[in-house]
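Working notes, structure below.
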Amino acid sequence: MLTPILAYLLSVLLLCRIAFSQYSSDQCSWKGSGLTHEGHTRDVEQVYLRCSQGSLDWLYPTGAVIVNLRPNTLSPAAARLSVCIKPSRDSHGANIYLDRAGKLRLLLREQDQAQGKVTCFSIQEGSLFIEAIPHRDISKRITSFQYELVTERTGAGAGALTGVEPQALSGKIQSYCCGFGH
């Protein structure tokens, strides 16, 4: 038989696991669902990804997601980073914007994502603002992309995203994903 304290701790642990189940523990990738918004189509969720590369998968998009892509280390070189994203060919359900101080600039329309082209921008240009396109039927809608942080001199190449391995790894920022701390 469980003691009341042990039963309480187990229930708190279970609730915490459920509450944070849609977040990746490695801070490199995020997978979430618009179904967790329970009809609140205007919800905006903040996501922090702190690795040199990873992915985002947003199932049944509703509302919006702000994606903050930052290296997990502070250095002067971080200001010279570019972010390259490559949408999945079956990505749809949302438009992707750059958000700088509340001003949005369209980066990729929903219909452009199917081309799977790599798009790069300076990390100084802001965060990604991914806004779901309202649809009556949200079934089979997934907004999905891979990202990579690269130094600006190699930003146009987007090595791993384009499938071309870069000759020198010195241009890449190392990933320090430990899964602890936010």
Q: For Arg70 and Ile123, work out which heavy atoms get closest and say how close.
A: NH1-CG1, 3.4 Å
Q) In Å and rounded to the nearest 0.5 Å, what is the NE2 to CG distance from His92 to Asp112? A) 14.0 Å
Q) Quick one: are Thr151 and Arg80 in side-chain contact, heavy atoms under 4.5 Å? A) no
Q) Pick one: which of Val83, Asp99, Leu49, Ile96 meets side chain to side chain contact (heavy atoms under 4.5 Å, CB included) with Val67? A) Leu49
Q. Under 4.5 Å between any side-chain heavy atoms of Pro71 and Leu81, yes or no?
A. yes
(Q) Just to verify, what does Tyr48 make a side chain to side chain contact (heavy atoms under 4.5 Å, CB included) with, not counting sequence neighbours? (A) Gln46, Arg50, Asn68
Q. Are side-chain N/O atoms of Ser144 and Asp57 paired as donor and acceptor at under 3.5 Å?
A. yes
Q: Output the distance between atom CG (Asp90) and atom CD (Gln113), rounded to the nearest 0.5 Å.
A: 10.5 Å
Q: Mind listing the closest non-hydrogen atom pair of Phe121 and Leu128 along with its distance?
A: CZ-CD2, 3.6 Å
Q: Would you check if Cys51 and Tyr147 make a side-chain contact, meaning some heavy-atom pair closer than 4.5 Å?
A: yes
Q) Can Glu45 and Trp30 be said to form a side chain to side chain contact (heavy atoms under 4.5 Å, CB included), step by step? A) CA-CA 12 Å; Glu45 189 162 353; Trp30 180 82; 3.8 Å; yes
Q.
Would the distance check show the side chain of Arg89 and the main-chain N or O of Gln115 forming a donor-acceptor pair, the cut-off being under 3.5 Å?
A. yes
**Q.** Nearest-0.5 Å distance, OG of residue Ser82 to CG of residue Leu69
**A.** 12.0 Å
Q.
Do Val65 and Val44 make a side-chain contact, defined as non-hydrogen atoms from C-beta onward lying under 4.5 Å apart?
A. no
Q: Kindly compute the distance separating CZ (Phe145) from SG (Cys84), expressed to the nearest 0.5 Å.
A: 12.0 Å
(Q) I want to check something: taking the side chain as every heavy atom from C-beta on, are Tyr97 and Leu107 in contact at a cut-off of under 4.5 Å? (A) no
Q: Would you please test Asn95 and Ile133 for side chain to side chain contact (heavy atoms under 4.5 Å, CB included) and show each step?
A: CA-CA 7 Å; Asn95 290 321; Ile133 298 171; 3.8 Å; yes
Q. At their closest point, which heavy atom of Cys28 faces which heavy atom of Gln53, and how far apart are they?
A. CB-O, 3.8 Å
(Q) Restricting to non-hydrogen atoms, name the atom on Gly93 and the atom on Pro61 that form the minimum distance, rounded to 0.1 Å. (A) O-CG, 3.7 Å
(Q) Can you tell me how far apart NZ (Lys117) and CD1 (Ile85) are? Round to the nearest 0.5 Å. (A) 14.0 Å
(Q) Minimum heavy-atom separation for Ala94 and Thr143, please, with both atom names. (A) CB-OG1, 3.3 Å
Q: Identify, with sequence neighbours excluded, every residue that meets side chain to side chain donor-acceptor pair (under 3.5 Å) alongside Glu125.
A: Arg105
Q: Of all the heavy-atom pairs spanning Ala64 and Phe129, show the shortest one and how long it is.
A: CB-CZ, 3.6 Å
Q. Under a 4.5 Å cut-off applied to non-hydrogen side-chain atoms, are Glu110 and Arg141 in contact?
A. yes
**Q.** Any side-chain heavy-atom pair of Pro87 and Leu108 under 4.5 Å
**A.** yes
